[in-house]
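Notes follow once the structure below has been shown.
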Amino acid sequence: MRIPDIIIAVDGYSSTGKSSFAKIIANEFSFLYLDSGALYRGVTLFAIENGYIDADGSIDVPGLDKALGGLDLHFGEKGTYIGDRCIEREIRSLAVADKVSPIATVPQVREFVDKKLREFGKFKRVVMDGRDIGTTVFPDAELKIFMTADPMVRARRRAEEMHTKGEEADISEVLKNLQERDWIDSHRETSPLAKAEDAIVLDNSDMTMEDQMKWLRNIIAERFCCA
Ligand code: CDP
């Protein structure tokens, strides 16, 4: 299927399979895939390791803000990096998941991440997943998808994903984490998780990836009249 040079924004709740879907879209249409959550997770790991957030979740905002100026966080060959250190594994841990939503409420952190993300928009042919891509990062994205699914289905999927990576995952803990993140993400002041007015909702509770791709190809064919 031919597809014009567009930006595809994939937003939605935690663990709805945004990144798996976005990666397959990127592969099918030869688009660049960008995981905006990885950058928030990277800032969170940096904040934990350098003491800008403590165990009870209080954040040293001025300290973190200052330190962001010297933080070399970027995408590389094997995922997300700080300098030349690949942090892909650490950022997927529950310890990081537990602190990422509070860190993502900090406006200076959002500014830091948004600036990096917008750089990639220049090239078009980008599919980016996150919480505010269609509302804030790329409000002019030509195609916006908003993903949702039953919380128990999401917790089961995430726990399975963690198990396959050899990580411990207690399903009730995973469920609690994703519900907490959804609440914080939807209620924060700066760019909360919300469906863009022009986004199309996809509830994939009972859908396979092939179902999702079929759904998407129909939309693309309708919208962009390509064959
Ligand atoms: O993959 P999962 O749904 O677990 O989350 P993620 O995409 O890795 O994002 C982790 C966290 O980063 C989210 O819970 C949000 O708090 C934050 N985030 C955000 O605020 N804005 C984005 N565009 C992407 C992620």
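In this chain, residues are counted from 1 in sequence order. When a ligand or atom number is given, it counts from 1 through the structure's own listing order. Keep in mind the model is a prediction, meaning the values are calculated, not measured.
In plain terms, the two heavy atoms of Asp5 and Arg125 that are nearest each other are OD1-NH1, 2.8 Å. Residues Asn204 and Ala149 come closest through the heavy atom pair OD1-CB, 3.2 Å.
Classification of Arg92 and Asp35 as a salt-bridged pair holds, one side-chain N sitting under 4.0 Å from a carboxylate O.
Lys165 has its side chain out of reach of Glu160: every pair of non-hydrogen atoms, C-beta onward, lies at least 4.5 Å apart. Side-chain contact between Pro151 and Gln179: present, with at least one pair of heavy atoms (C-beta onward) separated by less than 4.5 Å.
Rounding to the nearest 0.5 Å gives a distance of 8.5 Å between OG1 of Thr135 and CG of Leu193.
What sits closest to atom 24 (C) of ligand 1 on the protein, heavy atoms only, is Ser36 OG, 3.3 Å. Closest to atom 8 (O) of ligand 1 among all protein heavy atoms lies Arg41 NE, 2.6 Å. Here the heavy atom of the protein found nearest to atom 21 (N) of ligand 1 is Arg110 NH2, 3.0 Å. In this structure, atom 18 (N) of ligand 1 lies nearest to the protein heavy atom Tyr40 CD1, 3.6 Å. In terms of protein heavy-atom proximity, atom 4 (O) of ligand 1 is nearest to Arg181 NH2, 2.9 Å. Scanning all protein heavy atoms for the shortest distance to atom 23 (N) of ligand 1 gives Asp132 OD1, 2.8 Å. Of the protein's heavy atoms, Arg131 NH1, 3.2 Å lies nearest to atom 7 (O) of ligand 1.
Heavy-atom proximity to Lys18, at under 4.0 Å, picks out these atoms of ligand 1: 3 (O). Interface atoms of ligand 1 facing Asp185, defined by a heavy-atom separation under 4.0 Å, are 13 (C), 14 (O), 15 (C), 16 (O). Of all the atoms in ligand 1, the ones that sit under 4.0 Å from a non-hydrogen atom of Arg188 are 19 (C), 20 (O), 21 (N). Heavy-atom contacts of Arg158 reach the following atoms of ligand 1: 1 (O), 2 (P), 4 (O) (cutoff under 4.0 Å).
Judged as a ring pair (Phe, Tyr, Trp, His ring centres under 6.0 Å), and not counting sequence neighbours, His163 has no contacts.
Between Phe138 and Phe120, the ring center distance fails the sub-6.0 Å criterion.
In this structure, Ser15 counts as a contact residue of ligand 1, since one of its heavy atoms falls inside 4.0 Å of the ligand.
Using a 4.0 Å cut-off between heavy atoms, Ala104 contacts ligand 1 through its side chain alone, with no backbone atom that close.
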